[in-house]
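Only one structure is covered here, and it is reproduced in the block below.
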Protein chains: 2
Amino acid sequence: MARRSDHSRDEIREMALAAAERLINAQGYKGLSARKVATEIGYTVGTLYLVFKNQEEFILHINSRTLDELYQAMETTISTQQVPGDCIKALCRTYYDYAAAHSKRWLLIFEHALPDKDALPDWYQQRITRGFEMLEQVLEPIVATHNQQQVGKAARVLWGSVHGITMLAVTRKLDVVGVDSVYELIDSLVENYLAGLTR
Amino acid sequence: MARRSDHSRDEIREMALAAAERLINAQGYKGLSARKVATEIGYTVGTLYLVFKNQEEFILHINSRTLDELYQAMETTISTQQVPGDCIKALCRTYYDYAAAHSKRWLLIFEHALPDKDALPDWYQQRITRGFEMLEQVLEPIVATHNQQQVGKAARVLWGSVHGITMLAVTRKLDVVGVDSVYELIDSLVENYLAGLTR
DNA sequence: CTAATTATTGAACAATGTTCAATTGCATGC
DNA sequence: GCATGCAATTGAACATTGTTCAATAATTAG
């Protein structure tokens, strides 16, 4: 059976990740299983453990790709916006838009809480910090002070807040309906928080 | 063997929930299993399925108790605060304090995303809406307008935001250390958002 | 004291993650 | 062209999970 389809390790990884994303989009986290992924790509379970250490590492890679997609969407938003004031609002909406459009995969990033002890691998941690840096860049020209500490704080507050509103909206805990309602909440947050900051 | 220990259904439920909370506190979501809970309370798996429909309903009840505890902490905060302005800040800190102190159980509320189709049972949904109502009451005297829509919107923005900051802080994605740093973020949010609202 | 009832069990099933000896297909050396 | 070695792939096996339900044991009723 060996080398039957003659895929490189990287090709198998790619196929497995793509199949996993399809499964998650269709049925959420519970729809994911080693055997299902293996069947989807025409291999068996054993092969998966040849290219991924275990399920945890596998999911980490899925999440990594999701984060990459998300940040790409955000970078597109940044590059198409000119006025710094509008840019932040647009960026926050993009965050929600992406989460809403790919909710199952986006939720997986946060559903999968890791054990306290072992820290996340560096390559993954960097994908998280990247979000801050992006926001900090956009905030820099807006926030009154150029104090880097203040900018960093504002970025964390804004990111956390938009994340929270998005999370509750996606899991339908906000008791609101329609995209516009969520936009209203995000806009209210950004407008008023920034107004307070620059007052 | 039957009736060996002579506990009523409600007593068994209570014991099972208490045991589950202990297990979750100790080892998180993954530490929870029907057999472990059963062993802990001196019964077998079958008995659990006599008092709970399935794992989903079981977890719903665990979460329900967590929410009750959280809201009780928030009500204590409200009742000990006099100045409305300070009250909101204190309330938000309480939300974070509770989440940080009981992180495993608090996380379980959100890790466990439900399937799209079937809505949450009413008794559970009410425990979610209760949070808004609490915040709305506290916001009412502060927000300039008495427009109920505006108050509701502000409550949702604030709750979502504090939730997001708390979530990222608890899962150590905020890249900050220490309780005070998180307090700073929450205070920044509340102060500036409210300043913007009442400008 | 027997019979009916009811609480409780635990064996059984399907599905999960994970491992690893066995197997199969390919390339190389002769 | 054939045998040998290597590496890719398998799939059976194990432990653990949620869930079910006939069998059983303890209690109550008659």
Side-chain angles (χ1 to χ4, degrees), chain A residues 1-17 19-24 26-63 104 108 111-115 117-118, chain B residues 1-17 19-24 26-63 104 108 111-115 117-118:
Chain A
M1 296 135 192
R3 232 161 300 177
R4 188 174 44 187
S5 36
D6 220 344
H7 290 115
S8 74
R9 251 135 217 266
D10 278 348
E11 281 171 330
I12 294 180
R13 285 168 76 95
E14 173 62 37
M15 291 191 296
L17 289 169
E21 284 166 358
R22 263 179 272 130
L23 285 168
I24 293 167
Q27 320 170 39
Y29 177 40
K30 288 173 292 188
L32 189 69
S33 93
R35 281 169 183 81
K36 279 189 204 161
V37 171
T39 306
E40 276 268 316
I41 65 172
Y43 282 85
T44 57
V45 255
T47 304
L48 281 184
Y49 283 84
L50 212 81
V51 295
F52 294 104
K53 191 167 149 251
N54 52 30
Q55 190 184 232
E56 180 143 333
E57 203 217 53
F58 186 47
I59 291 182
L60 227 50
H61 278 94
I62 298 172
N63 288 343
K104 301 278 171 54
L108 184 62
E111 274 176 11
H112 178 61
L114 290 168
K117 300 163 193 172
D118 38 85
Chain B
M1 298 134 185
R3 231 159 304 176
R4 189 173 46 188
S5 36
D6 218 347
H7 290 115
S8 73
R9 251 136 217 266
D10 278 347
E11 279 170 332
I12 294 179
R13 283 168 78 95
E14 174 62 37
M15 291 189 298
L17 289 169
E21 284 167 0
R22 263 178 273 130
L23 285 168
I24 294 167
Q27 320 169 40
Y29 177 40
K30 287 174 292 190
L32 189 68
S33 93
R35 282 169 183 80
K36 280 190 203 158
V37 170
T39 306
E40 275 269 316
I41 65 173
Y43 281 84
T44 55
V45 256
T47 303
L48 281 184
Y49 283 83
L50 212 79
V51 295
F52 293 105
K53 190 167 151 253
N54 52 29
Q55 190 184 230
E56 179 144 334
E57 201 216 55
F58 186 47
I59 291 181
L60 227 50
H61 278 94
I62 298 172
N63 288 343
K104 302 278 171 55
L108 183 62
E111 274 176 12
H112 178 62
L114 292 167
K117 301 164 194 173
D118 37 84

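Residue numbers begin at 1 in each chain, while the letters A, B, ... track the order of the sequences.
For Phe52(A), the ring pair (Phe, Tyr, Trp, His ring centres under 6.0 Å) criterion is met by Phe58(A), His61(A), not counting sequence neighbours. With sequence neighbours left out, the salt bridge (Lys or Arg N to Asp or Glu O under 4.0 Å) criterion links Glu40(B) to Arg22(B). Legend: residues meeting side chain to side chain donor-acceptor pair (under 3.5 Å) with Glu14(A), ordered by chain and number and at least two apart, are Arg65(A). Under the side chain to side chain contact (heavy atoms under 4.5 Å, CB included) criterion, Thr44(A) pairs with Thr47(A), sequence neighbours left out.
Note: CG (Leu50(B)) to P (dT19(D)) measures 14 Å, nearest angstrom. When the P atom of dG25(C) is taken as reference, atom NE2 of His7(A) falls 17 Å away, rounded to whole Å. Note: NZ (Lys30(B)) to P (dT16(C)) measures 19 Å, nearest angstrom. For the pair Phe58(B) CZ and dT17(D) C1', the interatomic distance rounds to 15 Å; values are reported in whole Å. Between the C1' atom of dT16(C) and the OH atom of Tyr29(A) lies a distance of 11 Å, rounded to the nearest Å. In this structure, Tyr43(A) places its OH atom 13 Å from C1' of dA7(D), rounding to the nearest Å. Rounded to an integer number of Å, the gap from Asp6(B) CG to dA26(D) P is 13 Å. The CD1-C1' distance, from Ile41(B) to dT9(C), rounds to 13 Å in whole Å.
Contacts of Ile12(B) with the nucleic acid, taken as non-hydrogen atoms under 4.0 Å apart, involve only primed sugar atoms and P, OP1 or OP2.
Within the structure, salt bridge (Lys or Arg N to Asp or Glu O under 4.0 Å) contacts touching residues 44-54 of chain B (residues at least two apart or in different chains) do not occur.
A side chain to side chain contact (heavy atoms under 4.5 Å, CB included) with Ile59(B) is found for one member of Gln55(B), Glu56(B), Glu57(B) and no other, namely Gln55(B).
Proximity of Thr47(A) to the phosphate of dT10(D): a side-chain N or O atom is located under 4.0 Å from OP1 or OP2.
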Please tabulate the protein-to-nucleotide N/O contacts below 3.5 Å involving nucleotides 17-19 of chain C, giving atom names and distances.
from	atom 1	to	atom 2	distance (Å)
dG17(C)	OP1	Gln55(A)	OE1	2.8
dG17(C)	OP2	Ala34(A)	N	2.9
dG17(C)	N7	Arg35(A)	NH1	2.8
dG17(C)	O6	Arg35(A)	NH2	2.8
dT18(C)	OP2	Tyr49(A)	OH	2.6
dT18(C)	OP2	Gln55(A)	N	2.8
dT18(C)	O5'	Tyr49(A)	OH	3.2
dT18(C)	O4	Arg35(A)	NH2	3.1

